[in-house]
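Input: a single structure, listed below in structure tokens.
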Amino acid sequence: MTHWLTNHPHLLSGGFKGIEKESLRINAQGLISQATHPHALGSALTHSQITTDYSEALIELITSPYADIQNTLDELQKIHQFVYENLGQEQLLCASMPCGIDGDESIRIAEYGTSNIGRMKHIYRHGLWHRYGRTMQAIAGIHFNYSVPQHLWTYLHEQQGKNQSLEAFKNASYFGLIRNFQRIGWLILYLFGASPAICKNFFKSRPSLMAQFEEFDNGTLYHPYATSLRMSDIGYKSKNQADLAIDYNTLDGYVQSLSAAISTPYSDYEKIGVCVSGEYKQLNANILQIENEFYSIMRPKQIAQSCEKPTAALRRAGVEYVEMRALDLNPFQPLGIDEPTARFIEALLLTCLLTESPVITTEELRVNNANQLIVANQGRKPSVELVRQGKAISLQAWARDILQQMQPICEALDENETGQPYAQSLALQARLVENADLTPSAQMLVQMRQMNKPFACFALTQSTVHTHFFATQPLDNATRQTFVDSANASHQKQQALENIAQPAFDEFLKNYFLGNPRVN
């Protein structure tokens, strides 16, 4: 790998990067907002940049993809500025783990209007409530979207994949990237995990889970060496899905195994019922209602057409990009992410692409998941060990190996940059590998101890810092007007959807799962 990189370093640059960032709206009392998604921000159903995730209060901000990560971050900042100008007395919670919630009923499920697609999105969230509870759905994170530069695909295909079409080569290579990320993605949790503590009221609807934690103070539970409880089995590593054997070895295998989960009944969910007394409780009673219910640290993605299932989009056009979902919000950064973090992630994903990636067995899948849980719960513990190729290895030793593999990638990416930002980011993370006290998760606990305050107070204080930051960063009038116009257009688009004649919802749902594109 090093030889051709030396001769063709430019090939690695120019991959498109996009960011999706979730944040919980909290009111002036520090509680989760009960207010409707602000009208000035547009329609959550049809706006391309400002929407909601699970709850009405869980806002999601989406950038366009850019070749230069600084452009991505600049756009994310502008979206934030517009949102903050329209929040009134509310603010965005800086942390991934929610504060100010009071059991499931305090979390208002997101609403998307009266169109069939809007109803489907709302009912899907009802199903998540009945299956997992609403509290887990109030957790926020960042998704990092990445597509490999086209010129790199062309070169790699000529060198390695002439016996298959370019599209088949790309699909196989993206799945190789995903498999390698499953092997080493725990490093993201260690370096950037920022959810070592949780408010006690997070467990109001699931009190039995509290026993596994230590008490930080009267309002906070934690694991002393945790990095990302968001990515533990009380967050998005759901035990309900622990036995799902999703195939990551081929595109066909992935689509087939995921489709099987969407079409296979599950007895516990059958007991809930689907449409009870004329009211939908979930979309179906299968293992997964739809593809998005499967919580994984990385997804292969293709841009879907209107009302097209994600698996159908992958089957139609292959993998367009990957969505990395392991990143917590960094409470010390107003955007929840900074440029060095983004550059490190890009280099890590390219390392995953360019490193040999054997197929994953069911046993290795189990080991990979176990490694991720160890790092999520106790990744900063001195001498913590993981399992690599059947043998125990210290987290630090494995992390050093990964960073060493990344060095030529960072050098190549820096070829067209000023100031070697990729190498600098690599050096920054190397210091965190050698000293766990420098990680965001450790720094959060340090500040909580210094403040002598619970997690909720830390998060609210830091959120207010970010609110003040954006208050001093007003948009220029032209940019603001662009956002206003987009918001107005999104409301008009939703209204148009609701005004057209639509089939009965039962028929719409049947057609959707049959893969009929003309369902709205």
Side-chain angles (χ1 to χ4, degrees), residues 1-21 62-79 142-161 166 169-170 173-174 176-178 180-181 184 187-188 191-192 298 301 319-324 327 330 333 335-357 402-433:
M1 179 174 72
T2 307
H3 173 70
W4 69 262
L5 271 185
T6 302
N7 295 327
H8 308 284
H10 64 282
L11 291 175
L12 298 196
S13 298
F16 282 92
K17 282 80 67 175
I19 292 173
E20 304 169 37
K21 187 233 186 189
I62 304 166
T63 75
S64 303
Y66 292 95
D68 187 339
I69 189 60
Q70 192 56 60
N71 291 338
T72 310
L73 295 171
D74 288 347
E75 183 172 286
L76 185 61
Q77 172 148 337
K78 289 174 183 175
I79 302 171
I142 285 179
H143 300 164
F144 188 95
N145 299 324
Y146 178 72
S147 64
V148 175
Q150 187 58 44
H151 47 254
L152 179 57
W153 281 134
T154 302
Y155 178 84
L156 292 176
H157 181 240
E158 289 175 352
Q159 299 298 313
Q160 304 171 15
L166 177 59
F169 177 75
K170 284 172 62 176
S173 299
Y174 266 127
L177 184 164
I178 292 170
N180 276 336
F181 188 77
I184 65 174
L187 184 60
I188 296 291
L191 293 173
F192 308 115
M298 180 172 281
K301 301 280 282 191
V319 184
E320 178 68 22
Y321 64 97
V322 289
E323 177 188 59
M324 193 278 283
L327 200 60
N330 185 336
Q333 296 293 333
L335 300 181
I337 181 174
D338 61 7
E339 184 183 333
T341 299
R343 291 190 186 275
F344 180 88
I345 292 170
E346 180 182 5
L348 182 66
L349 297 183
L350 279 166
T351 303
C352 289
L353 174 74
L354 298 173
T355 302
E356 184 180 356
S357 184
I402 297 168
L403 267 55
Q404 186 173 8
Q405 276 185 287
M406 291 176 63
Q407 190 169 343
I409 304 288
C410 290
E411 290 174 0
L413 287 167
D414 275 334
E415 186 75 13
N416 296 320
E417 298 286 345
T418 302
Q420 298 185 310
Y422 289 93
Q424 288 181 13
S425 175
L426 188 68
L428 177 65
Q429 308 318 322
R431 291 196 289 274
L432 271 60
V433 167

- Query: Does atom CD of Gln404 have more than 12 heavy-atom neighbours, drawn from other residues, nucleotides or ligands, at distances under 6.0 Å?
  - Reply: no

- Okay, side chain of Asn330, backbone of Asp338: is any donor-acceptor separation there less than 3.5 Å? no

In residues 415-422, what donor-acceptor pairs under 3.5 Å come from side-chain atoms, sequence neighbours left out?
| residue | atom | partner | partner atom | Å |
| --- | --- | --- | --- | --- |
| Tyr422 | OH | Arg343 | NH1 | 3.2 |
| Tyr422 | OH | Glu346 | OE1 | 2.6 |

- Does the pair Gln150 and Lys170 meet the rule for a side-chain contact (heavy atoms from CB on, under 4.5 Å), with working shown? CA-CA 10 Å; Gln150 187 58 44; Lys170 284 172 62 176; 3.8 Å; yes

- Query: Has the side chain of Tyr174 got a donor or acceptor atom that lies under 3.5 Å from a matching backbone atom of Val148?
  - Reply: yes

- Message: I'd like to know if the side chain of His8 reaches the main chain of Leu152, judged simply by a donor and an acceptor atom lying under 3.5 Å from each other, with no hydrogens or angles considered.
- Response: no

- Aromatic rings Tyr155 and Trp4: how do their planes relate, parallel, tilted or perpendicular, breaks at 30° and 60°? tilted

- Would you please classify the geometry between the Phe192 ring and the Phe344 ring as parallel, tilted or perpendicular, with 30° and 60° separating the classes? perpendicular

- Query: Are the side chains of Ile337 and Leu76 in touch, meaning some heavy atoms are under 4.5 Å apart?
  - Reply: yes

- Starting at OG1 of Thr154, measure out to CD of Gln159 and round the result to the nearest 0.5 Å. 11.5 Å

- Side-chain heavy atoms of Gln429 within contact of Leu348, under 4.5 Å: no

- Task: Tell me, please, which residues at least two apart from Glu20 pass side-chain contact (heavy atoms from CB on, under 4.5 Å).
- Result: Glu60, Ile62, His143, Asn145, Glu323

- Backbone N/O of Ala67 and side chain of Lys17: donor-acceptor pair under 3.5 Å: yes

- Message: I'd like to know if the side chain of Ser147 and the backbone of Tyr321 have a donor-acceptor N/O pair within less than 3.5 Å.
- Response: no

- Would a 4.5 Å heavy-atom cut-off, applied to side chains only, mark Leu413 and Leu350 as touching? yes

- Does Phe144 reach the side chain of Thr72, with side-chain heavy atoms less than 4.5 Å apart? no

- Task: Using side-chain contact (heavy atoms from CB on, under 4.5 Å) as the criterion, list what pairs up with Glu75, not counting sequence neighbours.
- Result: Gln49, Thr63, Ser64, Tyr66, Ile79

